[in-house]
Amino acid sequence: MTLRFQVIGQAGAARVGQLETPHGVVETPAFFPVGTQATVKTLTPDDLQAVGAQGILANTYHLFLRPGADLVEELGGLHSFMGWPHPIMTDSGGYQAFSLGLALEHGVGKIAKMFPGNAEAPTRPTRKRLARIGEDGVQFSSHLDGSQHLLTPETSIKVQQQLGADLILAFDECTSPLSDLGYTRAAMERTHRWAGRCLDTWAADQQGLYGIVQGGAYHDLREQSGRFIGALPFFGLAIGGSLGRSKDDMHDVLDWTIPLLPEDKPRHLLGIGEPRDLFTCVERGIDTFDCVAPTRLARHGGLYTASGRLNIRKAIYRDDPAPIEEGCACQTCQGFSRAYLRHLFVADEILGYRLATVHNLHFILTLMARLRQSIVDGTFVEVKREFLAHDR
RNA sequence: GGAGGCGUGGUGUAGCGGCCUAACAUGCAGCCCUGUCAAGGCUGAGAUCGCGGGUUCGAAUCCCGUCGCUUCCG
């Protein structure tokens, strides 16, 4: 059983590395598509390999509720259960403390453009929260059947052991961008206490455990958290939590945090990002990413191209015989027109969601591979400049 | 030939005297989505209620006529 990370090349703060896991080596920087319920929606493991995925991220809370950790363990663990023999990371369920808690109550995501006082209204309706946070852990009302479940640092790590991912995450609390300094500090301190409990429960030789830096968009808190989490004996470090109200805020958070983390450990940025984010975050020293954006956007008709995102449902594509992107090597662009894809979306045909997902993942994973190579070649700055110049 | 029913945005329907400057679904258009409650959400355009006349303070709603569709009987 191998669990090891080594940096093999650098360009400024950007770095190329190898993350060895029991299920294979991840060449970093890398992007992990999200497969919350042990499936990257609409794709088979073969599809995933074809688009260039090295690893995926699944979710503890969702799998704990359904089908249950005991069952997955009985069936040989996640890799065997879902037929994916390559690296898997599991999120701890800490994010659900937010997404089913304050995110519902505030009607926001982890990067909130809408703040109280801003003229623009929230894009999502506010709803009653399904998660309540206490010192011991998070009390969830299942979104499936309303049943009550307490997830703690200990139970989260144990469930992740049963699921058997290669890389696992500490149980933390992701705060809302609308949380004030006082609340964000209290949540961060609680996450720090939970970090110790996660370490105490962790079987270090089995899985690589990542500690999570919190602190919202507050400078002092991020520094405090970066120092604290960075000094603990985790296998890797992740940056989580609210990243403010803009990309600038997000970059500030990375600039404050990353220099405080040990250089020899892998750094994961939770829940980011969009194509351009890969450049700006790798540039600051991030090694791995996970994000629902490419897959979710694909299912909603948002398709990546070198000149920005297009919405395939638009009328202008009704009779467009061109592929999504001229010159794209993905299965979708090789065989299908924009007009056909638009038809599939308008007709609500399943194939549309799959073809769109294939394209977006191929796009982002190919971009990541190019970016990785550019660090080796010493052309990162040029490649980045060129990409950003075209991306709208 | 006779009796009845129905005609409301592109489509299917709701409303059956004032709260209708007409509702809902779907479709259409645009926007949003960053550790997935997410094949989801938000916003918008679109009908003077078949046509004509009448009753009434007031009609999509009641009455008469007319046209169209439809069901049953012959």
Side-chain angles (χ1 to χ4, degrees), chain A residues 31-42 56-63 65-66 89-101 103-104 107-114 120-131 140-146 156 167-174 177 210 212-214 238-244 246-247 249-250 268-278 280-281 288-302 309 311 313-316 318 344-357 360 364:
Chain A
F31 179 91
F32 295 160
V34 175
T36 299
Q37 308 203 68
T39 163
V40 175
K41 297 185 195 300
T42 76
I56 61 143
L57 178 118
N59 185 275
T60 297
Y61 174 73
H62 288 279
L63 294 172
L65 285 188
R66 182 174 60 189
M89 178 181 257
T90 41
D91 186 23
S92 61
Y95 184 71
Q96 277 61 43
F98 164 66
S99 66
L100 298 176
L104 289 185
V108 298
K110 61 185 277 173
I111 298 178
K113 294 178 182 112
M114 314 303 181
E120 300 159 280
T123 56
R124 286 192 280 198
T126 59
R127 291 168 54 190
K128 224 174 83 185
R129 62 169 84 178
L130 296 171
F140 289 97
S141 294
S142 164
H143 60 283
L144 301 174
D145 62 7
S156 172
L167 307 168
I168 63 176
L169 287 159
F171 190 66
D172 67 329
E173 178 187 352
C174 176
Y210 284 64
I212 302 179
V213 177
Q214 286 291 338
I239 296 170
S242 156
L243 299 170
S246 67
K247 303 255 183 191
D249 286 356
M250 175 173 85
H268 182 85
L269 180 55
L270 286 160
I272 302 297
E274 291 164 348
R276 61 191 305 127
D277 299 332
L278 302 185
T280 61
C281 298
T288 55
F289 299 82
D290 72 88
C291 189
V292 301
T295 45
R296 183 192 291 169
L297 286 173
R299 295 195 308 280
H300 296 165
R309 193 203 305 169
N311 183 349
R313 305 185 67 115
K314 282 188 176 175
I316 47 172
R318 184 185 291 276
L344 294 178
F345 268 88
V346 170
D348 196 27
E349 279 291 342
I350 296 166
L351 181 59
Y353 305 119
R354 186 172 103 78
L355 293 177
T357 303
N360 273 6
I364 204 147

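In what follows, chains carry the letters A, B, and so on, assigned in the order in which the sequence lines appear, proteins first and then strands, with residues in each chain numbered from 1. All values reported here derive from a predicted model rather than from experimental measurement.
Look at the P atom in both B:rG18 and B:rA22: the space between them is 16 Å, to the nearest Å. Going from the P atom of B:rC67 to that of B:rG74 covers 26 Å, rounded to whole Å. Rounded to a whole angstrom, the distance from the P atom of B:rC49 to that of B:rC19 is 15 Å. Going from the P atom of B:rC24 to that of B:rC63 covers 29 Å, rounded to whole Å. Comparing B:rG68 with B:rG58, their P atoms sit 32 Å apart, to the nearest whole Å. B:rC69 and B:rU26 have their P atoms separated by 32 Å, given to the nearest Å. Comparing B:rG9 with B:rA45, their C1' atoms sit 10 Å apart, to the nearest whole Å. For the P atoms, the distance linking B:rU8 with B:rG2 amounts to 26 Å, nearest Å.
Side-chain N/O atoms of A:Lys110 include none lying less than 4.0 angstrom from OP1 or OP2 on B:rC33. Residue A:Tyr353 places no side-chain N or O under 4.0 Å from the OP1 or OP2 atom of B:rA39. Phosphate proximity of B:rC37 to A:Ser99: present, with a side-chain N or O under 4.0 Å from OP1 or OP2. Between A:Gln96 and B:rU36 there is a side-chain polar atom (N or O) within less than 4.0 angstrom of OP1 or OP2.
A:Phe289 places its CZ atom 16 Å from the P atom of B:rU34, with the value rounded to the nearest Å. The distance from atom NZ of A:Lys314 to atom C1' of B:rC32 is 12 Å, rounded to the nearest whole Å. Following rounding to the nearest Å, A:Asp91 (CG) and B:rU36 (P) show an atom-to-atom distance of 5 Å. Across the protein-nucleic acid pair, A:Arg299 atom CZ and B:rC37 atom C1' stand 13 Å apart, rounded to whole Å. Atom CZ in A:Arg313 sits about 17 Å away from atom P in B:rU43, given to the nearest Å. Across the protein-nucleic acid pair, A:Leu57 atom CG and B:rG35 atom P stand 10 Å apart, rounded to whole Å. To the nearest angstrom, C1' of B:rC31 lies 9 Å from CG of A:Asn311.
Pairing for B:rG7 goes to B:rC67, judged as Watson-Crick or G-U wobble with the two contacts each under 3.5 Å. Remark: B:rA23 base-pairs with B:rU13. Criterion, Watson-Crick or G-U wobble with two distances under 3.5 Å. Partner assigned to B:rG1 is B:rC73, using Watson-Crick or G-U wobble distances below 3.5 angstrom. For B:rC37, there is no paired nucleotide, since no Watson-Crick or G-U wobble pair has both relevant distances below 3.5 Å.
From A:Ile212, atom CD1 reaches atom CZ of A:Phe171 across 10.0 Å, with rounding to the nearest 0.5 Å.
Looking at every heavy atom in both residues, A:Gly273 comes nearest to A:Cys291 through N-CB, 3.2 Å.
With B:rU36, B:rC28, B:rU34 as the choices, the nucleotide that has an atom nearest any side-chain atom of A:Thr295 turns out to be B:rU36. Distances were taken from every side-chain heavy atom of A:Gln214 (C-beta onward) to each of B:rU34, B:rA39, B:rG35; the shortest belongs to B:rG35. Of all nucleotides listed (B:rC37, B:rG35, B:rU34), B:rC37 comes nearest to the side chain of A:Arg127. With distances taken from any side-chain atom of A:Leu270 to the nucleotides B:rC37, B:rU34, B:rG35, the minimum falls on B:rG35. Here the nucleotide nearest the side chain of A:Ile272, chosen from B:rU34, B:rA39, B:rC28, is B:rU34.
Applying the 3.5 Å distance criterion, the base of B:rG35 shares no donor-acceptor pair with the side chain of A:Asn59.
Checked by atom type and distance alone, the side chain of A:Ser156 pairs as donor or acceptor with a backbone atom of A:Ser92 at under 3.5 Å.
For the pair A:Arg318 and A:Ala170, both in contact range of RNA chain B, the more 5′-proximal nearest nucleotide belongs to A:Arg318.
A:Tyr61 and A:Phe140 have tilted rings, their planes meeting at an angle from 30° to 60° on a 0 to 90° scale.
A side chain to side chain contact (heavy atoms under 4.5 Å, CB included) with A:Leu169 is found for one member of A:Asp290, A:Leu270, A:Thr60, A:Thr90 and no other, namely A:Leu270.
Using a 5.5 Å limit on the distance between ring centres and a 30° limit on the angle between planes, the aromatic ring of A:His300 does not count as stacked on the six-membered base ring of B:rA39.
If you check every strand for non-hydrogen atoms under 4.0 Å, A:Lys128 touches nothing.
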